[in-house]
Each structure stands twice: as C-alpha cells, then as structure tokens.
There are 2 protein chains.
Amino acid sequence: MEQLSRSAGTVRPGGRTARVRAAVLEATQDELVEHGFHGLTMDQVAARAGVGKTTVYRRWGSPAGLVTDLMTELADQSSPHADTGSIEGDLRANALAVCEAVNDGRLGTTFQAMIAAATSDRQAANALRDFYARRIEEWAGVVDLAVQRGELPKGTDALELIRAVSAPLYYRLVVTREPVTPQVAEHSVRRALAAARAGAFIP
Amino acid sequence: MEQLSRSAGTVRPGGRTARVRAAVLEATQDELVEHGFHGLTMDQVAARAGVGKTTVYRRWGSPAGLVTDLMTELADQSSPHADTGSIEGDLRANALAVCEAVNDGRLGTTFQAMIAAATSDRQAANALRDFYARRIEEWAGVVDLAVQRGELPKGTDALELIRAVSAPLYYRLVVTREPVTPQVAEHSVRRALAAARAGAFIP
DNA sequence: CAGCTAACGGGACGGCTATCCCGTTAGCTG
DNA sequence: CAGCTAACGGGATAGCCGTCCCGTTAGCTG
C-alpha cells in the first residue's frame, strides 16, 4: 500500500503535511478527553485542528483511523523500562507505570479509546496488539535478568510473567470497571511473583 | 424512574409487551453476530424483530440500551458453579466456562458487544460491572469451601482469587486480542492457584 | 526563483439516523 | 363481552455524517 502510493509520484513529507498531522492528532486527543471515543467526530476534529474536514477524511478515513495513528505515535515514544536490581522492584515499576498511565486524564482516555476502537475496527485492533507486543517484549528483559541472577527459576516464561502483571489491571479497567489503584498494582505484582517463584510460569 | 412510570398508571406486563421484548432481544443478538456492536442500528433491529422502530427507540433508546437489556437478561440466567471436590477442579471449570463463553459465536459476540457498549455508555458500564460482580460472588463460594477443607490457607481473598483466574483470559480477549484457548485457561488456573497456595491472596 | 504537482480547503449533495405526531391495536377491568 | 387506555405502528421531518468535485496553496526540483 505504502509502496504503491510512493511509486505513483514524489512524496512530500515536508512542513505542511507534518504540521497538519500534529494539529489533527492534538485535536483528536482533546476531543477524546472531552467526549470519549463514541463522541469523536471527524468534523469536530477538523474544526478544532483548524484544517479542512476533507483532509481528515482523506488521510485517516474514520475515528478509528485517527485513534490508530495516535496509538502508533505513542508506540514510538518507547518508555524505558526500569532496572532496580531486583525483579520485585522492576515488576512494581512496570505495574505502577501502567497504573499511572491509565489514570492520567489525557493518556488514560487515549488508552480507553484505543480499546474501544479495537472492538469495532480491525486495523485498530492490530495496532493495539502490536503496541502491547512491543511493550511486553521490552519489559521481558528484566525477567531474563532475574533468572540469570537466580531470583526466579530457570525456564520462566518472561512474556507470560509480564502479561500476568498487567492483566488484572486491565481487567479492572475494561471489564469490571473498578478503579486501578497503586494498591491493586502492588497486589498484582505480589501474586504474579509468588506464582513465578513456585515455578508456575515454566511451560 | 421505574417507580414514577408505575405510579402514573396501570402497568401492563402482559403478553404483547413481553413478546415484543423477546423478539427485539433476539433480533439484537442476531444483528450483533452479523455486524458487531458498531454496526448495530435501531432501525435494522426493529425490522428484523418485526416491530415498529418507534417502539425500539421508546423502550431502549440506543444500541447501548439494547445491549444493556440483553446483559441483564443473561445475568438472570445464573450459570451454576461446579463443585468438583477440589479447588483446582472448580477453578478449572470456571476458567473453561469463561473460555467457552467468549469463543461461542452467539454468546461471545454478545460479550464483546457488552464491553464495547460499556466504553461509551455509563448505563452499560454499570450493568457490565453488576453482571461480573454477581458471577464472581457466585464462584467465590468454592474458594471458601477449599479454605475450610484446608486446601488453601486461611484468610484467602475469595473474590480476588476468582478475579485472578479470569483476568488473563479477558486481557487476551480485549487488550492483546490473542485467542483464548483452553490451554490459556489451564495456565491461568495453575498460576492463580500457585499464588494462592503461597499465601499471596491473604490481605 | 520559477514551474510543477502533491496536498489542502470549501462548499454542495445524498443517505441515514433519530425524533415527533397521531391513528391503531390489544391487554386489563368490571 | 364491552369499554378504557397503555403500548405499539407507520409515516413525515429535521439534522448530521460521509463523500465528491474542483479551485487553491505551498513544498519540492532544477
């Protein structure tokens, strides 16, 4: 797709296009905070961004497209994983980072919108999956280090352990819609770690 | 609300109203399976149910309202929790029940629709929360029995343990959008149980 | 700095969705 | 079984959303 449009003519990645994209994504976030994903309309995003609505339709196609692009933008801003020296500290840092992210007004609504978009749009779903696959891989490193240090048994599935830490947080956020507090994060770490030490993450 | 409309005149719970509701909820499920929550329109539901679209708007108000009613209907059909004699068997039965439910064409799409509706509609969100609160409470009993039998340490938080079993399943379903297989369910049980035996579910 | 063209902007149009109004149906009540 | 009225049904209407067409702008290129 990308290849085809490139071969059709000269691409212009220059100032205006980038400026428009920045303005539109900024406006998208603002609209999400105010009206949520359900109330996100191409029209209002265009108006707030100060661009023609035709442009928004042409480049993003749908509200889900806007959110998807916002997601890939966030994916590029890779959050550096901590290295506190102990696996407990590292996992706690991970859980608290998730906790803060979903509770932050601006970022949290964007995350919720991503999940909402993914329920109706295949492209958004793929972007969401890729986003988390990348985050999980980044954090899996701390588990491997812990195994090398002897903190966790050999053969521990690093990806699964990282997933296990965040699963209860997202479960509360999306399914039971209970608040995601630091205490919840703490409990999640404690339980995942207990299971890991007992060897429950060895396939 | 309910009280007010009742006091205004005589309620007629009789045949026609109930018949209309059944037809509409049936049509809603069918439409959900075919087009998903995003493609659920009041108009088509009314047409498929063979009722006037004014009726659908008057009684349910929005697609989210339809799904919410569907959810309360499912909530009433309480699934009996198994009692296999061991906590491992009970939790496995629970996890497999969730696994089957989300993979079933008809029921699974309804669940997904419920979650999608909850992201945009407060009433749907409340109904979803109540639904799971009830299910979790029903299953918490098997944990208490296991504690009495000495299978799990005293003070184990039954509600949290039940939540911990389903959290990874829903995490995959909604967030990472990976398939929810029986093997995933098995792993989830194994890990939650390992943590519980280590006392990680004692507050 | 001048020409080319990718990308943007405005306005008009068609289709759909949600709402309103009022006539009709059918479940209660005596 | 006859009257009352809650609840349903159909049609008309207004507003919004998405698309299309074409003129305009501004970033590349030599």
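Lettering of chains follows the sequences in order, A, B, ..., and the numbering in each one begins at 1.
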Any chance [atom1] of [X] has more than 12 other-residue heavy atoms, nucleotides or ligands included, within less than 6.0 Å?
X	atom1	answer
Gln183(A)	CD	no
Glu73(B)	CD	yes
Gln112(A)	CD	yes
Arg122(B)	CZ	no

Taking atom [atom2] of [N] as reference, at what distance in whole Å does atom [atom1] of [X] sit?
X	N	atom1	atom2	result
Asp43(B)	dG15(C)	CG	C1'	12 Å
Met42(B)	dG10(D)	CE	C1'	17 Å
Arg21(B)	dA7(D)	CZ	C1'	16 Å
Leu40(B)	dT17(C)	CG	C1'	13 Å
His38(A)	dT17(C)	NE2	C1'	12 Å

>> Any heavy-atom pair between the side chains of Tyr170(A) and Val98(A) that's under 4.5 Å?
In response: yes
> Would Glu178(B) and Thr176(B) count as having a side-chain donor-acceptor pair, cut-off 3.5 Å?
Replying inline: yes
> Taking atom types as modelled and ignoring hydrogens, do the side chains of Thr110(B) and Gln29(B) form a donor-acceptor contact shorter than 3.5 angstrom?
Replying inline: yes
>> If the test is salt bridge (charged side-chain N to carboxylate O under 4.0 Å, His left out), which one of Arg21(A), Arg106(A), Arg19(A) qualifies with Glu26(A)?
In response: Arg106(A)
> Taking DNA chain C as the partner, which of residues 44-67 of chain B come within under 4.0 angstrom of it by heavy atom?
Replying inline: Lys53(B), Thr54(B), Tyr57(B)
>> Is the phosphate of dC28(C) approached by Arg16(B) (side-chain N or O, under 4.0 Å from OP1 or OP2)?
In response: no
> How does DNA chain D read in dot-bracket, base by base from 5' to 3', with Watson-Crick or G-U pairs under 3.5 Å and | used when the partner is on another strand?
Replying inline: ||||||||||||||||||||||||||||||
